[in-house]
Amino acid sequence: MSDVKDTSTAAERGAALPAQSPPVDPAETAAAGEKAAAGGRLSWWHGDAGEGARRNLALIGVLVALIVIGALTRSDLYSNPDWVWDNVLSILKLASVVGVVTVGMTFVIIGGGIDLSVGAIVALAGVWCTTVATQSYGAGGMIFSALTVGLAVGLVNGLLISYGRLVPFIATLAMLVAARGLAAEISDKQTQVSDNNFINGLASNSLLGVPLLVYILAAVVAAGWVLLNRTTFGRRTVAVGGNPEAARLAGINVKRHTLLLYALSGLCCGIAAIMLTAQANSAQAAMANLYELDAIAAAIIGGTLLSGGRGTIIGSLLGVVIFATITNLFAINGLSTEAQNMVKGGIIVAAVLVQQVQFRSLTQFLNRNRLTTT
Amino acid sequence: MSDEQPEETVVTDAPLVEAPADTVAGEVVLRLTDVVKTFPGVRALDGVRLEVRAGEVHCLLGQNGAGKSTLIKVLAGVHRPDSGTVEWRGEPVTFANPQAAMRAGIATIYQELDLVEDLSVGENAFLGHEPRRLGFVRRGHMARRTRQILGRLGHAEIPPNRMVRSLPAAGKQVVSMARALSHEARLIIMDEPSAVLAHDEVGNLFRIIRELTAQGIAVIYISHRLEEIREIGDRVTVLKDGRTTAANLPARDTPTRELVSKMTGRTIEYVFPDRPAEPPAGDELLRVDGLTRAGEFADVSLSVRAGEIVGIAGLVGSGRSELLETIYGARRADAGTVRVAGRALRPGSVGSAVRAGLGMAPEERKSQALLLGEPIYRNVTLATFGRYSRAGFTDAAKERAEADRIAESLDLRPRDVRRPVRTLSGGNQQKVVVGRWLLGDTKLLLLDEPTRGVDVGARAELYQVIRALAARGVGVLLVSSEVPEVLGLADRVLVMREGRVVREAPATELDENTVLDLVMAGSLMEGAPA
């Protein structure tokens with residue numbers, strides 16, 4: 001929500017507008033802005049723009065609390081700064097693959113849908129790009145095939161949902177089953193080893209001390225943030241998820257956009273498939289199991305509304321990192337994954353409850369404010 | 001009708017018409033006095049009076065948005081009134097929740113029947129108060145009592161163990177009534193019960209209602225169909241803008257014109273901008289030929305010139321909103337063509353309509369037009385943000401500047417375009433929706449009930465905006481159930497009834513009474529004057 005300074009081209013583009021909308025004088029615009037500010041504007045913190053920021057700060061609070069718990073329970077490890085830095089990197093590495101999937105999932109959920117097939121798409125794309133035939137084309141061929149498979153499966157999801165009018169839950173549930181089946185068929189239920197050093201190196205190599213996988217995550221998150229907050233694609237996503245009828249009557253092609261959202265999610269799965277293959281130096285039909293639940297949970301913790309129309313990329317990223325930190329916390333304390341899953345379940349419920357309370361108090365605040373200013 | 005002297009138009013501030021109270025014999029069971037209910041930004045009920053007697057069918061008339069739904073919800077215990085009194089069988093009451101209203105003997109049959117489709121008839125009739133023993137439902141007892149109630153309703157043929165899903169709409173309605181009777185209801189509120197019924201089923205509904213009233217049960221009957229009110233009703237109360245404008249009129253003898261003018265009656269504050277001295281003679285912008293959608297409207301042809309405001313008058317159910325949405329491509333026509341500036345629009349494609357320069361402000365602002373949680377400026381630029389983008393990147397600063405300009409010109413309050421739209425009042429929300437189409441090169445604006453739920457001051461402003469648009473050469477096609485609005489604002493008027501255009505004339509050649517007669521014809525008029 002930052003103010004982009006754009007005085008140089010305002011007049012020029014104003015002149016290009018049709019006759020009905022006279023060119024905007026930058027000075028006038030500024031004056032209007034000042035008037036608006038005088039008209040009882042909420043500060044950004046209390047206003048709607050601050051809602052996402054408040055939510056994300058709460059998540060950072062949770063993250064800090066988890067780290068403090070880690071430092072208290074394993075003070076021996078935390079006393080070593082090198083270990084702490086390495087641990088941060090391993091948490092981020094742990095978060096990277098699901099993180100990429102979650103970015104796509106966040107778009108789908110904001111757009112009013114759900115994608116249950118992401119784990120299966122990752123497995124299918126992973127298996128596809130590690131067949132002997134594909135590997136013979138080298139790293140470029142493997143990456144191309146993983147991305148293409150992800151995109152293609154996503155497009156099929158999108159076609160079924162937008163033009164076939166299937167409920168997203170059903171369409172992607174069917175795809176979950178079918179894609180895993182196809183992956184098992186292609187791999188003949190075998191683990192396919194990747195012999196490609198470039199691919200395998202994506203997981204083992206670092207740049208400036210930071211694993212390459214973390215850079216990939218950072219790049220996807222940055223691209224996702226820009227796409228959601230700064231492009232017409234992102235604006236359409238919010239409109240289509242927030243009020244499909246209003247979007248349609250405003251001339252937005254809701255069906256086409258829905259199709260694109262699932263394609264985007266599939267593409268993210270293709271990227272994740274390469275990352276996961278690199279981590280394991282292999283791929284198999286059972287990989288990325290239950291990633292759909294991790295991604296949905298992370299998005300929801302991050303403040304994405306399951307009914308659509310609201311959500312942030314940063315919130316989803318924080319959700320993924322919180323989950324990875326919990327896993328890490330249990331690992332360094334040598335605790336079981338069973339206990340870990342119970343805690344994760346509790347965190348999902350707690351996060352949603354807290355957000356509901358926040359949202360209610362915000363609404364009340366706005367109502368009060370409206371009554372006093374009008 | 002044209003040779004009759006036009007009557008004085010009744011204004012809402014005129015004294016309340018009170019018919020002699022002895023037209024119905026039963027004792028008064030329900031009396032509402034000056035009931036007020038407000039929601040943020042809206043006065044949904046603003047002084048409602050209502051008196052219902054045992055054994056009568058009391059009809060409630062009013063336009064959409066007149067407050068009927070809110071009134072029903074107050075009586076059903078869903079809402080609590082802010083002020084005023086509700087007297088039920090002689091005692092002032094406030095129902096804490098719908099169950100309390102049920103227990104007191106007030107049952108409500110909503111338009112969307114609130115039945116559980118996958119439970120049986122008996123289970124639905126006794127939903128929430130099943131006869132029990134030791135925690136087990138007494139199924140046999142329940143079936144017996146259900147059969148008994150269905151018999152009372154004259155529908156003993158419906159088996160109590162039948163799944164509700166498998167019943168036709170009329171049968172489901174009977175189940176809803178059975179539920180009301182299972183609560184020993186003394187008052188049954190029916191919200192447009194005939195809307196879901198075929199014509200011959202309505203007769204059966206009326207027979208049931210007569211049996212209920214013969215047993216001393218009072219019925220509040222809501223319908224837009226005047227013939228029905230004449231047939232089944234005893235007395236009529238008319239609501240407009242949350243107020244009772246007429247109470248206890250005799251349902252059979254009150255002239256149609258009087259009823260309709262109470263419903264739609266002019267508010268004296270309406271100020272319409274002057275029409276241009278010359279009738280607009282721009283090029284033909286919109287040409288609709290033989291447009292038909294089965295069950296909604298048939299064979300509608302019309303045209304709109306650049307700079308012209310064409311108004312469509314008609315009641316709910318006349319097909320007017322459906323017509324507008326079909327022209328806009330939001331519904332697909334069964335037959336007929338829509339041409340804009342000579343080029344045919346792709347049927348069923350809003351995108352094609354918007355590209356051709358059409359814009360629409362739909363009937364339901366909140367559900368059809370706004371992203372309530374999003375800031376004002378993003379709602380204003382919802383149809384145009386692509387224009388301000390470069391290479392797919394939005395230009396929020398430019399959008400805010402444009403939205404600010406629109407906010408300024410429409411006098412939006414509060415002015416800050418970063419506020420979420422849900423914090424605005426109804427009138428200001430409507431300005432946002434209309435403002436959306438002031439950006440960009442909209443050639444033809446379709447307005448569906450642009451002033452519904454909009455206060456008087458904002459109305460006059462909206463009228464000015466619409467007229468100013470026309471003066472700039474924009475064509476406007478306006479739908480309104482308020483006849484004075486159509487006559488005051490439009491250059492040319494089309495009157496719709498039951499899906500057909502029954503009259504087309506310059507607004508200056510029509511008066512309110514003529515239009516009202518055309519709109520409401522059927523029960524009184526034999527053959528509308530062409």
Side-chain angles (χ1 to χ4, degrees), chain A residues 1-6 9-10 13-14 17-22 24 26 28-30 32-33 35-42 44 47-49 51 226-227 229-236 238-239 242-243 245-253 305 309-310 363 366-367 369-371 373-374, chain B residues 40-41 325 328 330 350-351 353-355 359-360 362 364 366-375 378-379 381-383 385-389 392-398 400-402 404-405 407-408 413-420 422-425 436 438-442 469 472-474:
Chain A
M1 284 302 153
S2 70
D3 275 309
V4 182
K5 288 287 165 213
D6 188 23
T9 55
R13 254 179 295 145
L17 284 168
Q20 299 162 9
S21 34
V24 178
E28 248 179 50
T29 311
K35 253 182 252 163
R41 171 187 289 180
L42 301 165
W44 75 271
D48 225 44
E51 193 188 323
V226 170
L227 193 60
N229 296 298
R230 289 286 180 267
T231 69
T232 53
F233 182 90
R235 189 68 67 77
R236 278 188 221 112
V238 175
N243 190 341
E245 179 71 356
R248 190 173 76 101
L249 292 181
I252 293 173
N253 190 333
L305 208 60
R310 193 190 74 197
T363 315
L366 287 172
N367 282 342
N369 194 276
R370 189 191 54 73
L371 289 175
T373 52
T374 56
Chain B
E325 290 187 7
Y328 192 56
V350 174
V354 171
R355 275 190 298 279
M360 182 164 87
E364 302 289 337
K366 287 184 181 174
S367 64
Q368 293 188 295
L370 293 171
L371 300 169
L372 290 171
E374 291 284 292
R378 289 192 175 195
N379 275 282
T381 60
L382 187 66
F385 63 81
R387 290 168 199 269
Y388 308 123
S389 68
F393 286 84
T394 51
D395 185 343
K398 173 80 177 162
R400 277 197 293 271
E402 291 291 323
D404 253 336
R405 190 169 61 76
E408 177 100 40
R413 284 176 299 252
R415 185 69 53 80
D416 182 2
V417 295
R418 296 178 203 219
R419 275 173 171 269
R422 72 172 122 81
T423 61
L424 297 183
S425 67
R436 174 180 300 163
L438 305 188
L439 294 172
D441 48 3
T442 306
L469 273 170
R472 286 200 323 219
V474 175

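The sequence lines fix the lettering, A, B, ..., with proteins before strands; numbering per chain opens at 1. Just so it is clear, the values below take in all heavy atoms, side chains as well, and ignore hydrogens, waters and symmetry mates.
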Original post:
Measuring heavy-atom distances to chain B, does A:I252 have an atom under 4.5 Å in its side chain, in its backbone, in both, or in neither?
Top reply: side chain
Subject >> Option in A:R235, A:R236, A:E245 with maximal non-hydrogen atom pairs under 4.5 Å from chain B >> reply: A:R235
Subject >> side chain to side chain contact (heavy atoms under 4.5 Å, CB included) partners for A:L305, two or more places apart >> reply: A:S307, A:R310
**OP:** Considering only heavy atoms and a distance below 4.5 Å, find which of B:A369, B:G473, B:A407 pairs most often with chain A.
**Re:** B:A369
**OP:** Work out which heavy atom in B:T394 is nearest to a heavy atom in A:N229; give both atom names and the distance.
**Re:** OG1-O, 4.3 Å
Subject >> When B:L372, B:T381, B:L371 are compared by non-hydrogen pairs under 4.5 Å with chain A, the top option >> reply: B:L371
Original post:
How long is the gap from OH on B:Y328 to CZ on A:R248, to the nearest 0.5 Å?
Top reply: 9.5 Å
Original post:
Quick one: does A:T232's side chain get under 4.5 Å of B:F393's, heavy atoms only?
Top reply: no
Original post:
Where do B:K366 and A:N243 come nearest, in terms of heavy atoms and distance?
Top reply: O-ND2, 3.2 Å
Subject >> B:E325 and A:L249, any side-chain heavy atoms less than 4.5 Å apart >> reply: no
**OP:** Identify the two heavy atoms, one from A:G251 and one from B:V354, that lie closest to each other, and give their separation to 0.1 Å.
**Re:** CA-CG2, 3.7 Å
**OP:** Using the test side chain to side chain contact (heavy atoms under 4.5 Å, CB included), find all partners of A:A250 that sit at least two apart in sequence or belong to another chain.
**Re:** B:L382, B:A383, B:R436
Original post:
Tell me, side chain or backbone of B:A330 under 4.5 Å from chain A's heavy atoms, or both, or neither?
Top reply: both
